[in-house]
Amino acid sequence: MRILLIISLMLSSFSLFAQEETYTISGRVNTVTPLGRVWVFLCDEETFDAPLPGIDTMSFWINYDKLQVEFEFKNVPAGKYAIRSYQDVNGNHKLDKWLFGPKEPWGFSYSGKM
């Protein structure tokens, strides 16, 4: 009995030090024009419908020999995520909008909800 209790205490102490399994989310954004900066946002279920940015952000400068960017979010816990991005062509650090929607190139991943 005493050995069983010691083993169960040892196992429970190991679970305190066990790390949560994490993942990497990666992809590629193709740009429309070789101007400005591409912003990529990682969104979780709580920020799917919220305005920009999300839970993590990356940005990449675009130039004439680099018309696509590859992104990688590391150490992401298990869950449901979406990606949003836009190309800040004029360099004002925001997604410009006009009467019927965004004025600058933008995109997002599909969350599966309709």
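Residue numbers start at 1 and run along the sequence shown. Bear in mind that the values here come from a model prediction, so they are computed numbers and not experimental data.
In terms of modelled atom types and a separation under 3.5 Å, the side chain of Gln87 and the main chain of Val32 share a donor-acceptor contact. Here the side chain of Glu45 pairs no donor or acceptor atom with the backbone of Lys80 at under 3.5 angstrom. For Asp88 (side chain) and His93 (main-chain N/O), a donor-acceptor pair under 3.5 Å exists by modelled atom type. No side-chain donor-acceptor contact under 3.5 Å links Thr57 to the backbone of Phe41. At distances below 3.5 Å, at least one donor-acceptor pair connects side-chain atoms of Ser109 with backbone N or O atoms of Ile83.
With contacts defined as side-chain heavy-atom distances shorter than 4.5 Å, the pair Leu95/Pro102 qualifies. No side-chain heavy atom of Val38 sits under 4.5 Å from any side-chain heavy atom of Tyr86. With a 4.5 Å cut-off on side-chain heavy atoms, Tyr81 and Leu42 count as touching. Side-chain atoms of Glu70 and Ser26, non-hydrogen and from C-beta on, never get closer than 4.5 Å to each other. Looking at heavy atoms from C-beta onward, Val40 lies out of side-chain contact with Ser59 at the 4.5 angstrom threshold. Side-chain contact check for Ile62 versus Val69: some heavy-atom pair is nearer than 4.5 Å. Thr22 has its side chain out of reach of Val76: every pair of non-hydrogen atoms, C-beta onward, lies at least 4.5 Å apart.
Taking CG of Asp96 as the start and CH2 of Trp106 as the end, the distance is 14.5 Å to the nearest 0.5 Å. Rounding to the nearest 0.5 Å places CZ of Arg37 at 13.0 Å from CE of Met58. Taking CG from Leu35 and CG from Leu67, the interatomic distance works out to 9.5 Å, rounded to the nearest 0.5 Å.
Other members of the cluster containing Phe100 are Trp98, Leu99, with ILVMFWY side chains joined at under 4.5 Å, either directly or via other members.
Among all heavy-atom pairs drawn from Pro77 and Tyr23, the shortest one is C-CD1, 4.4 Å. Listed here is the closest heavy atom pair of Asn90 and Glu104: OD1-OE2, 3.2 Å. Nearest approach of Gly36 to Trp61, heavy atoms of both residues: O-CE3, 3.5 Å.
In terms of the ring-ring contact (aromatic ring centres under 6.0 Å, His included) criterion, Phe60 has no residue partners (sequence neighbours excluded).
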Before you tell me yes or no, could you show the steps for Lys66 and Thr31 under side-chain contact (heavy atoms from CB on, under 4.5 Å), namely the whole-Å CA-CA distance, both residues' side-chain angles and the distance that decides it to 0.1 Å? CA-CA 9 Å; Lys66 184 180 177 184; Thr31 63; over 6 Å; no
